[in-house]
Number of protein chains: 2
Amino acid sequence: MENRKENIYETDALVSQYCEFQYGDEYLGIENFAKVCAQKAIAYSATTPQKRALDLGCATGRASLELAKVFEYVNGVDYSQAFINVAKDIQKERCISYALNSEGAIKQCKEVCLNALGLNDVGEKVEFFQGDACDLMPLLAEYDLIMATNLIDRLYEPQLFLNTIHKRIHDEGYLVLTSPYTWMEEYTAKEFWIGGYYDSKGDEVRTLEGLKAILNDNFDLVEVEDVPFVIRETPRKYQYTLSQMSVWKRKRR
Amino acid sequence: MENRKENIYETDALVSQYCEFQYGDEYLGIENFAKVCAQKAIAYSATTPQKRALDLGCATGRASLELAKVFEYVNGVDYSQAFINVAKDIQKERCISYALNSEGAIKQCKEVCLNALGLNDVGEKVEFFQGDACDLMPLLAEYDLIMATNLIDRLYEPQLFLNTIHKRIHDEGYLVLTSPYTWMEEYTAKEFWIGGYYDSKGDEVRTLEGLKAILNDNFDLVEVEDVPFVIRETPRKYQYTLSQMSVWKRKRR
């Protein structure tokens, strides 16, 4: 196990937090979010081909691996190279070690392995890349499913993603979005918010309405449901979030 | 109701968040924390006089008012003048209006009133002051109970509070602390952390052990229990925290 020591990301608290979020224990009785989202996306797209999938904003890659249980080929893409490095390490080493926050500066070492998660044989079907959802590489196309979990309210200009994403999805393929719609000016200038504001008449514009306005030309809205997730900050502090999943089916051209 | 418009603290998101935390709805099935802590402190101190109580770090004052259901006189003290202003307004007007976060920049107006909380007649027994727990006014003394909820890990030098607090409590009176021990250098320089670090031998020092080392000369540790609380950030985002309550009884001089 000595050679795994180089994989301990204890200097990056956020990376460790996401390792636990995507590969670690479940808290407050809430199921693993990446796994649940992948399972839902697989179920929604079950009546269409399930060859190529893209997991946009994949973080440390758990949902990409889950999609690869069914899909023949999966891309996982994240803006953060640090996250992609972890995803690639897990894919290669099949285990990852990280330092979990305990009280104050006290850390607790933890190792998780793909075989314990039923994911030992899927890694070779996945390719991870660093990439920008607002400026995607042309090769990221021809998908049957694109999933983007908790992504749109962290993009600098989500319209750049939403206005063009239909070009990368096959006819009758699926786009699965989740977001708690936590719009913040630190991430997205207010002029680019999809919703969560008052229009010039003073009426509320909700994000789901904003998504419909953008996506309706090329997609049918198939389903909307809430999916909770929990992120552990310390043994005594958790973020509990209710993300809204919206499922969109690509219209025939 | 027109005259209450001046009490809408919609410019200060944290104040609104605390109004909801202390006077608003309960979320994720977790009971109101200020009320629960006050009830526990009242129960622990039931066999001793219940004349004078101090609620240190009282925020918008809910626990101070709850203590005043039983205690004859209560002081609520907070470092934040904005919080104390709200506490005094509620005490005077018996209602408070605030703007709750909805999606993005969308707000939802809310009013809460003391009579609906069973607190209509206790306000006159409470005095609120702005004050610094690390440098308390001399007049804050002669208490039967001092309660400090979620305070110690937000003080710049918690020892200044802990080393001297016994002087303000009657013999056999109670000190009730709660904290999730979320030590952060933004609030407390690491040299002043009570626990949550490794000592020079590399051994873990936990905060409860640090508290015992400081308080043992003047207090007996009576009880330790976990008390959860939930803070609502948006309709879709919550902080779930497990605070540790430690109950200390002042030794006879």
Side-chain angles (χ1 to χ4, degrees), chain A residues 13 27-30 99 101-109 150 152-153 158 178-185 187-199 202-211 226-245, chain B residues 13 27-30 99 101-109 150 152-153 158 178-185 187-199 202-211 226-245:
Chain A
Y27 299 98
L28 311 184
I30 301 300
N101 282 334
S102 181
E103 197 180 296
I106 298 172
K107 304 283 182 186
Q108 170 194 341
C109 258
N150 300 341
I152 60 164
D153 58 357
T178 79
S179 171
Y181 308 143
T182 315
W183 296 103
M184 297 172 76
E185 295 188 74
Y187 297 97
T188 315
K190 206 167 171 185
E191 63 190 294
F192 296 127
W193 292 10
I194 303 296
Y197 59 85
Y198 298 96
D199 68 14
D203 293 329
E204 294 179 5
V205 178
R206 297 276 168 170
T207 305
L208 187 62
E209 299 310 309
L211 288 173
D226 284 339
V227 184
F229 66 87
V230 171
I231 294 181
R232 175 197 186 279
E233 294 184 13
T234 78
R236 294 186 170 276
K237 193 159 188 295
Y238 302 86
Q239 299 167 27
Y240 179 103
T241 309
L242 210 50
S243 207
Q244 184 172 71
M245 176 177 279
Chain B
Y27 299 98
L28 311 183
I30 301 300
N101 282 334
S102 180
E103 198 180 295
I106 298 172
K107 303 285 181 183
Q108 172 194 339
C109 258
N150 301 341
I152 60 166
D153 56 358
T178 80
S179 172
Y181 308 143
T182 315
W183 296 103
M184 298 173 76
E185 294 187 75
Y187 296 98
T188 315
K190 206 166 171 185
E191 63 191 292
F192 297 126
W193 292 9
I194 303 296
Y197 59 85
Y198 299 96
D199 68 14
D203 293 330
E204 294 179 4
V205 178
R206 297 276 168 170
T207 305
L208 188 61
E209 299 310 310
L211 287 173
D226 284 340
V227 184
F229 67 87
V230 171
I231 293 180
R232 175 196 184 279
E233 293 184 13
T234 77
R236 293 186 169 278
K237 193 159 189 296
Y238 302 86
Q239 299 168 25
Y240 179 102
T241 309
L242 210 51
S243 205
Q244 184 172 71
M245 176 178 278

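All figures in this text were calculated on a predicted structure; none of them were measured in a lab.
A tilted orientation is assigned to the rings of B/Tyr238 and B/Tyr27, their planes being inclined by 30° to 60°.
Heavy atoms closer than 4.5 Å to chain B are found in the side chain of A/Leu28, but not in its backbone. Contact of A/Gln244 with chain B is made through backbone and side chain together, with heavy-atom distances under 4.5 Å. Contact annotation for A/Val230: neither backbone nor side-chain heavy atoms come within less than 4.5 Å of a heavy atom of chain B. In this structure, the portion of A/Ser102 lying under 4.5 Å from any heavy atom of chain B is its side chain and not its backbone.
Between B/Thr207 and A/Glu103, some side-chain heavy-atom pair lies under the 4.5 Å cut-off. Annotation: side chain of A/Ile106 is not in contact with side chain of B/Tyr197 (no heavy-atom distance under 4.5 Å).
Of all the heavy atoms in B/Ala105 and A/Lys190, the pair that sits closest is CB-NZ, 3.6 Å.
By number of non-hydrogen pairs under 4.5 angstrom with chain B, the leading residue of A/Asn101, A/Thr182, A/Asp226 is A/Asp226.
In this structure, the side chain of A/Trp193 engages the main chain of A/Thr188 through a donor-acceptor pair within 3.5 Å.
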